[in-house]
Amino acid sequence: MSYEYATVSGVKEEGRGVRTLWFQWERKVEPGQFVMVWVPGLGEIPLSLSSTDHTKSITIKSFGPVSEAITRMSPGDRIYLRGPYGRPFTRPTGQYLLIGGGSGMASLRPMVGPRAHAIISARSKDDLIFRDAFQPGRVHVTTDDGSEGFKGNTVDFLRTFDLSGFTEIYVCGPERMMFSVYRELRSRQVNARVEFSLERLMKCGIGLCDSCSIGGYQLCRDGPVFSIDELDRMEEFGRSRLVESGRRITL
Amino acid sequence: MSYEYATVSGVKEEGRGVRTLWFQWERKVEPGQFVMVWVPGLGEIPLSLSSTDHTKSITIKSFGPVSEAITRMSPGDRIYLRGPYGRPFTRPTGQYLLIGGGSGMASLRPMVGPRAHAIISARSKDDLIFRDAFQPGRVHVTTDDGSEGFKGNTVDFLRTFDLSGFTEIYVCGPERMMFSVYRELRSRQVNARVEFSLERLMKCGIGLCDSCSIGGYQLCRDGPVFSIDELDRMEEFGRSRLVESGRRITL
Amino acid sequence: MFADLSTEVAGLRLENPLMLASGILDENGYSMLRVLRSGASAAVTKSIGEEERNGYRPPVVHPLQSGMLNAIGLANPGIEEYGHEIEIARRAGKPIIGSIFAPDEAGFSRLAERMQSFGVSAIELNLSCPHVKGVGSEVGSDPVLVKRVVQAVKSVSSVPVFAKLSPNVTDLVEIARAASDADGLVLINTVRAMAVDIRARRPVLSNGFGGLSGPSIKPVGIRCVYEVRKAMDIPIVGVGGISGFEDVVEYIMVGSDAVQIGTALWRNGPGIFSSILCELEKFMEEEGYRGIGEMKGVALQ
Amino acid sequence: MFADLSTEVAGLRLENPLMLASGILDENGYSMLRVLRSGASAAVTKSIGEEERNGYRPPVVHPLQSGMLNAIGLANPGIEEYGHEIEIARRAGKPIIGSIFAPDEAGFSRLAERMQSFGVSAIELNLSCPHVKGVGSEVGSDPVLVKRVVQAVKSVSSVPVFAKLSPNVTDLVEIARAASDADGLVLINTVRAMAVDIRARRPVLSNGFGGLSGPSIKPVGIRCVYEVRKAMDIPIVGVGGISGFEDVVEYIMVGSDAVQIGTALWRNGPGIFSSILCELEKFMEEEGYRGIGEMKGVALQ
Ligand SMILES: Cc1cc2nc3c(=O)[nH]c(=O)nc-3n(C[C@H](O)[C@H](O)[C@H](O)COP(=O)(O)OP(=O)(O)OC[C@H]3O[C@@H](n4cnc5c(N)ncnc54)[C@H](O)[C@@H]3O)c2cc1C
Ligand SMILES: Cc1cc2nc3c(=O)[nH]c(=O)nc-3n(C[C@H](O)[C@H](O)[C@H](O)COP(=O)(O)OP(=O)(O)OC[C@H]3O[C@@H](n4cnc5c(N)ncnc54)[C@H](O)[C@@H]3O)c2cc1C
Ligand SMILES: Cc1cc2nc3c(=O)[nH]c(=O)nc-3n(C[C@H](O)[C@H](O)[C@H](O)COP(=O)(O)O)c2cc1C
Ligand SMILES: Cc1cc2nc3c(=O)[nH]c(=O)nc-3n(C[C@H](O)[C@H](O)[C@H](O)COP(=O)(O)O)c2cc1C
Ligand code: FES
Ligand code: FES
């Protein structure tokens, strides 16, 4: 069986080192699901779909060789991919809030809609992505260096933010950020359904290799989206994870 | 993958050494199709279905070890089988004639209906089967020894038989008999659609081993039912066939 | 009538015949714990060596029409780091079997001793990984080396020792005989195989070739168990392509005492253990088997 | 742009790369004739020995989830009787390749001479049947015997000689090197395998074990061609599990000059040749290949 492939139809610079690539791919994908993208000869990495309509997209930040090669793709190039994989976000039922840190906004992007509100955090102004996708006044920005919006991290902002109007809260970002958001939400009385899209090293994407596991669950199959109640039972969340060899490190 | 199996629900003696075994088997089968019946430890042989309704049956004559073991089965025994295989008879459109020789009547049995007529041939009275399935006057019997009906073989009888009222003629019996029926029909002006159910050694039943082939066609897949026009193009029909080793013998 | 699913293999008592195979959901202790709690009677750890290894870079697995290709490359944290994962997995209160790999008998012995100190109930010698040079099947296809490794590990072990063999050999029975000092054999590891992406024009695995597992190799595994069982009397754990109760029964009928399941977790997740157990019990009741022992080897006559 | 499907392997010119594999629809000359007229570029005969053999009693094949198990048992009418079938098949005007088996080089040489007298375009040495004692893979797993057989047949042959090898060996490259005096290699024969019927409690094949073919073994065949192609420069015919144009391309990309198709005739009949050819041509045009040679070995870098 060969990989499926799609041809890149458009590319957009979203922020520092972050690009969106559009392509046609005849698969039904739900927001929160991901694909494994293969760069022949180089490697394969998991990427969320930042657009799940008929035209699909990935939004990618260059970290290492594979992600870099993908950001360098141009229209006409082939993307080899398999998927979609994983359990998607549940659908919102009222006014809902997206909390995104860094390139974590990529997986939240398909959740943008008329009833969406957002807190977008980044190190600096140039790292902010997708803030223009929201209606003015519904998006709150925080930067570590204060170059735009609130100066400080997500949780600093969240502490003073009223959550009572939301029926759902969706969170995606670096694990340290998600862990502090988790603790903040647990310390408050929150009635919304809260879901986190986690990240772990992924080698297989299909529930065999165990490299993405957390608390006995495979992120690639049982996640990457988990409810806050599920996180309660995961001793590893925010505390430790396995590196490439399987060695456990503390976060 | 294991064999399917069915449990024998009834057994009936049809004639000398010929028995019908009934069983429930949840497969759709068309008249003319066959199954491969496996007797574990002994062997596997092709058998036509003599009844293709919800309750299925096979009608079998004991020739060698496998067929003998099958005739010895009793209610409650398991029949291991695979199939159904092969191309069935086409459906009749008017008054039609069945020409059956010996246990060849087994595959014609499911074709019996209100518009069916038959010529049934056998060596002797005791070898005749299924003559009671037809309305009186619509069935003609021939025996080699004259112990019942017309004395002589099928073709001797056929020569004087008016075929003009039939829209279809279906033939099954020993190849020598079918070959003479074929020549007789070709020598006359016959407007009916004529189909023959052939017999050859079968090892695989699924078009791989070549032991059942005739004129480049696999009896198990492309047959066992062939139209008279298809037989015209088969140099082997009535002339030669391969034995177990693949050696060609003349008939 | 009730069917008793418990079994015993080389002195290891198992509540049912289904174990987790090495290398699948057993890098992280919490995963093994979950698999055990989902019904597996024991878990074999992923194969652990003396030093930390990252394995090959992805793609390391590739799903095929009726099987799975993998070349993980024996990624493992090294024996010292792995003790913690076993500790987590042991919370299930079921046997953990430590799988180890090394290039020679000295390495195997050191690993076996350390594994025992972590409290494993048995040792599995991986003599059969088809895609890493110098270990695995390069060791496992040399009868002299196999004999030395098995004897060395046996001499330092107080728990049962299993030798996991490769089907990628001309004469499996010869290797099985060489391994006969083990308490049991595990048959089979993956079949050396490969796939190419015809549009990318490249092998799909970063390592080029890898090992084939899943339904495609079940008939090979059945043949291997049958062949060895006919030749010698030694406990056997059957593995390769099991995805339903029929496969379990088939392995037992050619003489396996227990089985392992790996690739089938792909489509079915850890829930596969309880669903197979349920159907296995039903089958045994229907066919009149009161225990696993009554099915064992019935197809060998 | 039009794609040219013709190819050449060891001096044998073929109108396309798809041949009929040995043992499938090639007992009866009329069947070969039909397969050739359905688009196959050449037909390999079933393996013929010196004496008539009935083979095993049915069941001799057993369809599996994603493959086929068979133990026909080298049924054949004996070389003298088979000439007539070749005569019929030759009416197609395409190459017929005579497959032969024997226990030693003297038998192989006699058979090769007789085959040539029937007008075959090449000889294929079956050194790889996995289920008949004394011939087949028992010959084909002994490098010394392989070398002797190949040299003996070469010395009496004026047509190309192919050696068909088994994947059931520890070191295929060693055997391939031993066979390197042949004009080409055919890789692979079936994989030794077995299946048991769990209700009948018996092996399904009358012979017990047999050979696995079909999609299940394609990744093994691809690996074998790749492995041998990396090690040596010799024409290779790829076979094992081909059922669509993708499989053909995959075999060519790892270095096959042509391929053979067997089991796929099961579901698709001889019509499979023309349908694969049609899709192969389309693929080549889409991907910009003008001829088979341009695809050959592109995955080897
Ligand atoms: C379910 C899932 C969805 C994902 N979706 C996206 C997405 O939509 N967009 C996207 O850009 N990324 C996404 N990622 C992360 C992405 O897969 C990694 O960034 C990628 O694997 C890096 O691979 P690489 O080979 O390029 O770099 P590597 O060689 O693996 O890494 C280079 C360096 O960057 C560090 N690094 C790698 N990834 C990250 C990271 N995510 N955060 C911080 N440091 C990192 C490494 O530790 C290393 O030091 C997702 C991950 C998962 C598990
Ligand atoms: C498509 C198809 C449908 C068939 N349907 C039926 C059916 O409905 N009922 C039925 O009884 N048989 C049927 N047959 C024939 C049946 O398969 C054979 O009789 C059977 O294979 C005999 O096997 P055995 O192992 O018992 O005997 P064997 O050991 O194979 O044969 C014993 C002896 O009997 C001879 N013999 C075997 N079969 C026949 C035969 N059919 N006619 C004359 N001599 C024979 C042999 O040459 C041998 O000498 C069918 C065959 C085919 C190809
Ligand atoms: C992803 C993956 C990783 C594996 N890793 C190991 C391993 O580390 N050690 C080992 O002995 N076998 C390993 N195997 C082989 C399995 O334990 C098992 O023998 C093989 O997959 C056949 O069983 P299955 O078809 O049920 O998967 C691995 C198999 C897979 C699919
Ligand atoms: C029913 C059957 C009979 C076979 N007979 C022979 C044979 O006589 N000689 C031989 O060299 N290979 C024989 N083979 C092996 C095939 O030629 C081929 O190598 C193998 O089946 C793999 O190809 P496939 O997957 O396309 O079938 C046979 C295979 C099958 C399925
Ligand atoms: S990435 Fe392999 S189990 Fe999730
Ligand atoms: S019985 Fe084998 S091809 Fe028909």
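If you're wondering where the values come from, they're calculated on a predicted model, not measured in any experiment.
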Check whether any side-chain heavy atom of A/Cys204 lies under 4.5 Å from a side-chain heavy atom of C/Trp266, and answer yes or no. no
Is the number of heavy atoms from other residues, nucleotides or ligands under 6.0 Å of C/Glu80 CD greater than 12? yes
Decide if atom CZ of A/Arg176 counts as having more than 12 heavy atoms of other residues, nucleotides or ligands within a radius under 6.0 Å. no
Tell me whether A/Arg248 is salt-bridged to C/Glu81, with the criterion being a basic N under 4.0 Å from an acidic carboxylate O. no
Relative to chain A, which segment of C/Arg202 carries a heavy atom at a distance below 4.5 Å: side chain, backbone, both, or neither? both
Less than 4.5 Å to any heavy atom of chain A: does that hold for the side chain of C/Met32, its backbone, both, or neither? neither
In the structure I gave you, are the side-chain heavy atoms of A/Leu208 and C/Met68 within less than 4.5 Å of one another anywhere? yes
CA sep, side-chain torsions, deciding dist, call: A/Ser213, C/Glu27, side-chain contact (heavy atoms from CB on, under 4.5 Å): CA-CA 9 Å; A/Ser213 298; C/Glu27 181 171 285; over 6 Å; no
Heavy-atom cut-off 4.5 Å, strictly under: side chain, backbone, both or neither for C/Leu69 against chain A? neither
Rounded distance [0.5 Å steps], CD in A/Glu244 versus CZ in C/Arg57: 10.5 Å
Other residues, nucleotides, ligands: >12 heavy atoms within 6.0 Å of A/Arg123 CZ: no
Approximate separation, where rounding is to 0.5 Å, of A/Ile214 CD1 and C/Ser31 OG: 10.0 Å
For side-chain contact (heavy atoms from CB on, under 4.5 Å), just list the numbers for C/Arg53 and A/Ser245, CA-CA rounded to whole Å, side-chain angles, deciding distance to a tenth of an Å, and then say yes or no. CA-CA 5 Å; C/Arg53 274 178 68 101; A/Ser245 66; 5.8 Å; no
For C/Ile72 against A/Cys209, the heavy-atom pair lying closest together: CD1-CB, 4.0 Å
Return yes when atom CZ of C/Arg91 has more than 12 non-hydrogen atoms of other residues, nucleotides or ligands closer than 6.0 Å, and no otherwise. yes
Report yes if the side chains of A/Leu242 and C/Glu85 come closer than 4.5 Å at any heavy-atom pair, otherwise no. yes
Do A/Pro40 and C/Asp197 make a side-chain contact, defined as non-hydrogen atoms from C-beta onward lying under 4.5 Å apart? no
Would you say the side-chain atoms of C/Arg34 pair up with the backbone N or O of A/Gly216, donor to acceptor, closer than 3.5 Å? yes
Name the member of C/Pro270, C/Ser206, C/Gly269, C/Gly29 that forms the most heavy-atom pairs with chain A at distances under 4.5 Å. C/Gly269
Is the backbone of C/Asn28 close enough, under 3.5 Å, to the side chain of A/Asp210 for a donor and an acceptor to pair up by distance? yes
Using non-hydrogen atoms only, which part of C/Ile198 is less than 4.5 Å away from chain A: side chain, backbone, both, or neither? both
Under 4.5 Å from a heavy atom of chain A, the part of C/Arg267 involved: backbone
Between A/Ile206 and chain C, with a heavy-atom cut-off of 4.5 Å, which part of the residue counts as in contact: side chain, backbone, both or neither? both
Neighbours of chain C found in residues 219-238 of chain A - heavy atoms under 4.5 Å: A/Arg221, A/Asp222, A/Glu235, A/Glu236
May I ask you to test the C/Arg199-A/Tyr80 pair for a side-chain heavy-atom distance under 4.5 Å? yes
Toward chain C, the part of A/Leu42 with a non-hydrogen atom under 4.5 Å: backbone
